[in-house]
Amino acid sequence: MSRLFHALTLGQRCGALLLLSLLAAAWLVPLFGYNQPNVQHLSAAFAPISAAQPLGADQFGRDMLARLAAAVRLSFGLSLLCVGSAAVFGILLGVVAAWSQPWCDKLLNFIANTVMALPGLVLVLLISGIAPGSFIMLYLGIALTLWVEYFRVVRATVQPLVHSPEIECSRLLGFGRWYLFKRHIWPAIASNVLTLAAFGAATSILMMASTGFVYAGLKPPTAELGLMIVELFPYFAEATWVLIQPLCVLVLMVLGFNLLAGQKA
Amino acid sequence: MKQILIKRLLQLIMMMWSVGTITFILSRLLPGDMAYRIAAGRYGDDAVSAAAASAVRQELGLNDPLWQQYSHWLWQLMQLDLGDSLVSGNSIIAELQHQLGYTLILAVAAIFLSALIAVPWGLACGFRANRTLDRVSLVVSTLLRSQPVFCLGLLMILLFALTLNWFPVAGYQQPAHLFLPALTLALSLAALSSRVIRNSTAKVINSDFYLFAKVKGLSEWHSFKRHGIRNIALPVVAFMAMQLVGLIEGVIMVESLFAWPGIGHGLSHAVFSRDIPMLQGTALTCGALFVIINTLVDSLCYLLDPRSRRA
């Protein structure tokens with residue numbers, strides 16, 4: 001663990017710290033009794049800060065702290081799911097493409113190019129059009145746009161590696177494919193994959209918020225950052241402070257992942 | 001050059017096929033009987049009867065096997081027969097023509113503005129790499145990049161439209177309406193491209209050939225003009241292709257935010273109202289824009305770099 005910590009740059013440490021504190025806050029908040037993100041108190045709309053509602057209330061008198069915590073958990077959960085499945089799928093197909101027959105490589109590359117021919121958000125919107133408001137469709141759409149990056153990077157890195165002397169040697173010694181992957185391929189792709197994963201997490205959080213923002217994602221009353229922003233926007237004059245909260249949380253989350261990915265622009 | 005065009009044409013066809021397929025699946029997954037739904041759309045809700053529905057089913061071949069319907073769907077797509085909107089009843093092509101004009105104005109204005117911002121910004125940082133200005137600009141660009149483009153747009157509205165009252169919030173009649181959406185998009189694009197320009201500039205002015213140009217007595221301006229610009233531009237233009245995804249996605253968000261009546265606005269509304277022909281049309285147009293601008297960037301790279309022509 002300490003070795004991992006020392007390997008990180010200052011920016012990456014800041015990013016990790018930011019994300020960890022957000023995560024901890026999001027999971028701890030319900031334990032302190034702020035666990036009702038959807039309970040309305042219409043008489044207490046935009047109630048000021050109090051012990052019961054430390055961040056105030058929104059237009060329906062719902063507790064903002066509980067809502068924000070729920071939204072952060074949702075965003076983290078979705079991004080973890082999307083990045084996890086996209087990475088596993090992309091790495092697997094990338095290695096397969098680099099390792100197998102040319103026709104298989106061509107086929108997989110063709111599929112990847114087909115996905116790449118559409119901008120990600122368009123694809124996500126199209127797929128979420130199948131069942132608006134469905135978490136699974138949103139997840140499928142985002143994961144579908146993300147796996148291509150892993151596939152391309154892994155394929156490009158592994159292709160020259162497959163015919164390298166060290167892998168030939170290990171093969172001649174009779175080691176299995178899993179061992180070859182663990183010993184030779186994973187170390188070569190690991191740092192790139194982790195960078196991609198951090199960027200991918202930021203992208204998936206942004207995409208989810210974007211679809212919520214245009215009412216094409218999850219449906220109210222789900223506590224979701226994009227939805228919260230668009231719902232609160234009409235009240236910005238009365239409650240600027242409340243509108244700023246989901247905006248800040250969203251920016252902090254994306255900033256955290258971007259910092260964690262490191263500056264490679 | 002020919003190879004670039006063929007590759008992109010293939011990409012265009014694949015894009016059309018995938019959009020067509022997804023929307024075909026979508027249209028079959030909608031709840032309710034399709035024949036009744038179309039009959040209701042044609043004759044009004046009151047005039048729907050089993051006879052009308054079966055007439056529609058006969059006419060549109062809804063009893064045919066699925067693969068026949070699918071090939072029919074693709075055949076119509078190939079002829080660019082996109083049908084009529086389920087909401088407004090107008091033909092999709094006419095609506096798209098109307099929207100595309102607005103989107104192109106917005107996209108061109110945004111690219112132009114972002115170049116206006118990013119080029120001086122990136123060059124200034126590149127010439128003074130790792131000095132104070134560069135450090136500050138890194139922080140600014142990181143902060144800008146962490147914003148989803150609609151947050152940036154909201155901040156613009158709050159600042160310029162509601163506090164300072166300089167520009168209108170939303171609308172599309174006057175040129176003044178264009179400014180805020182274009183600036184929002186431009187800033188989000190410039191945040192990233194300024195860093196690319198900065199890196200490229202720093203690399204070129206620290207290179208041996210640039211040093212040599214100065215050693216042989218060329219002035220700062222001459223060595224920059226003869227040896228700098230083209231070398232700096234190449235990675236920047238190549239990077240623009242990557243940024244296109246951001247541009248198209250940004251257009252969708254910004255148009256929805258500022259009620260700019262373009263393709264992206266149409267797309268998000270089509271998802272919201274489940275207007276499938278419209279969804280297909282707008283997604284196709286977004287995809288086509290993406291491929292076409294990509295082709296332009298590829299050709300520009302080809303023209304900029306004489307090495308690619310020799311190969």
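Proteins get letters first, then strands, A, B, ... in listed order; numbering begins at 1 in each.
Heavy-atom distances place no part of A:F257 under 4.5 Å from chain B, backbone and side chain included. For a residue to count as touching a neighbouring chain, one of its non-hydrogen atoms must lie under 4.5 Å from one of that chain's; by this rule A:A202 does not touch chain B. Heavy-atom distances place no part of A:M253 under 4.5 Å from chain B, backbone and side chain included.
The residue from B:T282, B:V19, B:L267 that alone fulfils the side chain to side chain contact (heavy atoms under 4.5 Å, CB included) condition with A:L126 is B:V19.
A heavy-atom distance below 4.5 Å is not found between the side chains of B:F150 and A:V230. Two residues are said to be in side-chain contact when any heavy atoms from C-beta on lie closer than 4.5 Å; A:L121 and B:M253 meet this criterion. A 4.5 Å side-chain heavy-atom check between A:L255 and B:T142 finds at least one atom pair inside the cut-off.
Taking a 6.0 Å sphere around CZ of A:F89, one finds it holds 12 or fewer heavy atoms contributed by other residues, nucleotides or ligands. No more than 12 heavy atoms of other residues, nucleotides or ligands shown are found within 6.0 angstrom of CZ on B:R128. The local environment of CZ in A:R152 is sparse, with at most 12 non-hydrogen atoms from other residues, nucleotides or ligands closer than 6.0 Å.
Separation of atoms CG (A:L123) and CE (B:M15) is listed at 12.0 Å; rounding is to 0.5 Å. We find the CG-CG distance between A:N113 and B:L10 to be 9.0 Å, quoted to the nearest 0.5 Å.
Contact detail for B:G287 and A:P119: the closest heavy-atom pair is CA-CD, 4.4 Å.
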